[in-house]
Student: 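Got a structure for you, written out below as structure tokens; questions coming shortly.
Both ligands and their constituent atoms are indexed starting at 1 by order of listing. Positions are given from 1, in the same order as the sequence printed here.
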Amino acid sequence: VDASGPTWGRALVTGASAGLGATFARHLARGGADLVLVARREDLLRDLAGELVDSTGVAVETLAADLASEDGVAEVCGRLRSDADPVDLLVSNAGITSMGRLHRLEPERERQLVRLNAEAVVLLAQAHLAGLSEREASGAIVNVASLSAFQPLPAMATYAATKAFVVTLSESLANAYGGRGVRVQALCPGFIRTEMAAANDLDEAAGRIPDRLWLDPDRVVRESLAGLDRGRVVVIPGAGYRWLHRVTAALPRGVQRTLVGRFAR
Ligand SMILES: NC(=O)c1ccc[n+]([C@@H]2O[C@H](COP(=O)([O-])OP(=O)(O)OC[C@H]3O[C@@H](n4cnc5c(N)ncnc54)[C@H](OP(=O)(O)O)[C@@H]3O)[C@@H](O)[C@H]2O)c1
């Protein structure tokens, strides 16, 4: 793993027990950042913390919290506002998906998805911005969205909607706080090889996705941190995906909707 991007004093990464979050933690530790690792599976967080302390010498805290619950969000918000060992970079990465036509999906899963992918992202950003403002410090937020933010996906309606929410939220926050030394990024990757993609409900779809469309998590994180360094607000990793996005974004919205409705199942 290469260290890349700017050097941060301390970063809090949500969803750090697996996938992209664990990859963010490894890159940031290699860049010298102390870390606060957040997810539900404490054993995995502890294993990663041990690995990072041994390999890089940075300080690593673990914080087991369910970010789809009020208590879990409150605990992480409390850590973000703390003056002791303050956090300067928040990586809001934890997220889940669901797949299928909406009427067939479990209502409770959809509620959890909205809480985790949208509500928690707002509340964590709010707590981090309040902490930075109280300390008159500069800092940054990376909110992990998805290219789905720009696509009305028939079988991932709630997921795509939460990611569109995260992109708009991040752009608004970049406008509101950019002048105060706070960088905000919406990271919008295409398909990444992680647990999420290997989850049962995505297995079938994953089998139909051509190999060249899969992104390596290290590349996604490198492009995100390099984009943060340059102050990029919307980061789409991979030249192929950037090209695809430019072409589809130039189409009238109705044409884009019809195309996505026809080809994305
Ligand atoms: N994989 C892709 O193709 C892809 C593409 C575009 C965007 N993304 C986005 O990238 C982000 C990371 O996804 P990934 O692919 O790395 O997924 P992943 O491998 O499934 O990891 C998800 C992470 O989120 C944590 N998490 C899930 N529910 C949580 C909860 N209620 N509270 C706290 N943490 C929770 C998980 O940890 P615990 O289970 O230990 O809590 C895990 O660390 C997500 O926001 C996703 O939408 C993924």
Side-chain angles (χ1 to χ4, degrees), residues 12-27 35-49 62-77 79 90-99 108-121 123-124 141-151 153 156 158-167 169-170 185-203 205-206 208-209 213-221 223-224 234-238 241 245:
L12 183 147
V13 181
T14 72
S17 61
L20 199 59
T23 309
F24 262 109
R26 291 194 172 95
H27 279 254
L35 291 168
V36 184
L37 305 178
V38 179
R40 291 166 303 177
R41 288 172 292 178
E42 198 166 14
D43 51 336
L44 294 183
L45 294 181
R46 290 221 179 105
D47 289 350
L48 179 59
T62 58
L63 181 47
D66 179 353
L67 288 171
S69 79
E70 257 176 59
D71 289 353
V73 172
E75 202 179 343
V76 181
C77 286
R79 178 62 189 87
L90 163 65
V91 181
S92 242
N93 159 82
I96 55 171
T97 187
S98 60
M99 195 159 194
E108 188 49 33
R109 170 83 178 183
E110 298 304 281
R111 178 183 287 138
Q112 299 281 315
L113 192 157
V114 172
R115 285 199 172 146
L116 179 65
N117 293 17
E119 189 176 306
V121 176
L123 296 172
L124 296 184
I141 300 175
V142 173
N143 288 326
V144 180
S146 162
L147 266 186
S148 319
F150 309 107
Q151 313 289 342
L153 298 171
M156 294 173 92
T158 315
Y159 179 78
T162 60
K163 296 305 186 180
F165 176 101
V166 168
V167 171
L169 174 78
S170 307
Q185 176 188 116
L187 175 62
C188 301
F191 299 111
I192 318 166
R193 290 200 191 280
T194 62
E195 270 182 31
M196 175 179 277
N200 288 341
D201 54 354
L202 288 183
D203 258 356
R208 293 198 306 263
I209 297 162
L213 281 185
W214 288 100
L215 292 164
D216 171 50
D218 284 314
R219 176 183 187 171
V220 174
V221 169
E223 292 200 25
S224 170
V234 176
V235 170
I236 298 174
Y241 275 117
H245 176 66

Student: Can you name the side-chain hydrogen bond (donor to acceptor under 3.5 Å, both in side chains) partners of Ser170, sequence neighbours left out?
Tutor: Asn143
Student: Under the criterion side chain to side chain contact (heavy atoms under 4.5 Å, CB included), which of Leu45, Leu63, Thr62, Val91 is the partner of Val38?
Tutor: Leu63
Student: Who are the ring-ring contact (aromatic ring centres under 6.0 Å, His included) partners of Tyr159, not counting sequence neighbours?
Tutor: none
Student: Show the protein residues that qualify under the rule heavy atom under 4.0 Å from an atom of ligand 1, listing them in chain and number order.
Tutor: Gly15, Ala16, Ser17, Ala18, Gly19, Leu20, Ala39, Arg40, Arg41, Ala65, Asp66, Leu67, Ala68, Asn93, Ala94, Gly95, Ile96, Leu116, Val144, Ala145, Ser146, Tyr159, Lys163, Pro189, Gly190, Phe191, Ile192, Thr194, Glu195, Met196
Student: Could I get the full list of side-chain hydrogen bond (donor to acceptor under 3.5 Å, both in side chains) partners for Glu42, not counting sequence neighbours?
Tutor: Arg46
Student: Hey, which of Leu35, Val13, Thr14 is the one that makes side chain to side chain contact (heavy atoms under 4.5 Å, CB included) with Phe24?
Tutor: Val13
Student: For Gly15, does its backbone N or O pair with a side-chain atom of Asn93 as donor and acceptor, under 3.5 Å?
Tutor: yes
